A.B. asks: 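Sharing a structure below in structure tokens format, with a few things to ask.
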Amino acid sequence: RGVIMDGIRVNSGAKRIEVNDNGDYITLNFADQSFPTRFFAMLDRVLETTEAASPKEAEIKEKFTVGGLDYTRAMAQLNEDIHSAVVSEIDGFFGVDTCKHVFGDIVPGIDLIDDFFQQLMPYFQKYGQERTRRMSKYSAERTGNV
């Protein structure tokens, strides 16, 4: 009476990377061909956010006496706003609370964020190398196409 089912399972290529000692992880899904493009688009938005700080910093310098309390307060707020926007981009890409899992309950500075991205890059490089290797077996020369 039981139905015997055949089945297949495709290795999705998703890489789960643990990001803290509590077992939290992020997923890099290289089987999703839009993943690298979306990742680099997110990095571009992060760079745009940080570059947009220069005119705002200039406004603060014009408005307040450099080194004064109001100046320091405004610069601290600008710094926090920029880094909070970067956190939002990272969380938007990898999932809610990614930065909390990776960095703890802080608004991380650029040095921590850069370290995070630098640690991810080898996964992208490995994926690129593996993809090139797999695709080479479909080359026109090998399959006899012109």
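Note that this is a predicted model, so its numbers are computed, not measured. Note that the numbering runs from 1 along the sequence shown for the chain.
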A.B. asks: So, does Q33 use its side chain to make a donor-acceptor pair with the main chain of A31 at under 3.5 Å?
C.D. replies: yes

A.B. asks: Hey, what else clusters with V87 if you join Ile, Leu, Val, Met, Phe, Trp, Tyr whenever side-chain heavy atoms sit under 4.5 Å?
C.D. replies: none

A.B. asks: Once side chain to side chain donor-acceptor pair (under 3.5 Å) is applied, do any residues pair with R133, and if so which ones, sequence neighbours excluded?
C.D. replies: none

A.B. asks: S34: which residues meet the side chain to side chain donor-acceptor pair (under 3.5 Å) condition with it, sequence neighbours left out?
C.D. replies: D32, R38

A.B. asks: Just how far is it from atom OG1 of T37 to atom CE of M42, taken to the nearest 0.5 Å?
C.D. replies: 12.5 Å

A.B. asks: In Å and rounded to the nearest 0.5 Å, what is the CD1 to CD distance from I60 to Q77?
C.D. replies: 9.0 Å

A.B. asks: Decide yes or no for T27 and F94: does some side-chain heavy atom of the first lie under 4.5 Å from some side-chain heavy atom of the second?
C.D. replies: no

A.B. asks: For side-chain contact (heavy atoms from CB on, under 4.5 Å), just list the numbers for T49 and I82, CA-CA rounded to whole Å, side-chain angles, deciding distance to a tenth of an Å, and then say yes or no.
C.D. replies: CA-CA 7 Å; T49 298; I82 292 164; 4.2 Å; yes

A.B. asks: Nearest 0.5 Å, what's the NZ-CG distance between K15 and L120?
C.D. replies: 13.5 Å

A.B. asks: Go through N20 and Y25 one step at a time and tell me if the side-chain contact (heavy atoms from CB on, under 4.5 Å) criterion holds.
C.D. replies: CA-CA 7 Å; N20 61 30; Y25 62 90; over 6 Å; no

A.B. asks: Taking L43 as the starting point, is it possible to reach V86 by hopping between hydrophobic residues whose side chains are less than 4.5 Å apart?
C.D. replies: yes

A.B. asks: Heavy atoms, side chains only, cut-off 4.5 Å: are M75 and N79 in contact?
C.D. replies: no

A.B. asks: So, using ring-ring contact (aromatic ring centres under 6.0 Å, His included) as the criterion, who are the partners of F35 when residues are at least two apart?
C.D. replies: F30, F93, F124

A.B. asks: Does any part of the side chain of K63, heavy atoms only, come nearer than 4.5 Å to the side chain of D70, both counted from C-beta?
C.D. replies: no

A.B. asks: Extract all donor-acceptor atom pairs below 3.5 Å that involve side chains of residues 99-112 and protein atoms in other chains or at least two apart in sequence.
C.D. replies:
{"from": "H101", "atom 1": "ND1", "to": "D24", "atom 2": "OD2", "distance (Å)": "3.0"}

A.B. asks: Would I90 and F116 count as a side-chain contact (heavy atoms from CB on, under 4.5 Å) here? Give the steps.
C.D. replies: CA-CA 10 Å; I90 294 170; F116 172 66; 4.1 Å; yes

A.B. asks: Give the cluster check for F117 versus I26: same hydrophobic cluster or not, with ILVMFWY residues linked at side-chain heavy-atom distances below 4.5 Å.
C.D. replies: yes

A.B. asks: Does any part of the side chain of D91, heavy atoms only, come nearer than 4.5 Å to the side chain of V96, both counted from C-beta?
C.D. replies: no

A.B. asks: If you take the centroid of each ring, where Trp contributes its six-membered ring, are Y123 and F39 closer together than 6.0 Å?
C.D. replies: no

A.B. asks: Restricting to pairs with a member in residues 45-57, which pass salt bridge (charged side-chain N to carboxylate O under 4.0 Å, His left out), not counting sequence neighbours?
C.D. replies: R45-E89, E57-K61

A.B. asks: When you group the ILVMFWY residues by side-chain heavy-atom contacts below 4.5 Å and let the links chain together, are L69 and V66 in the same group?
C.D. replies: no

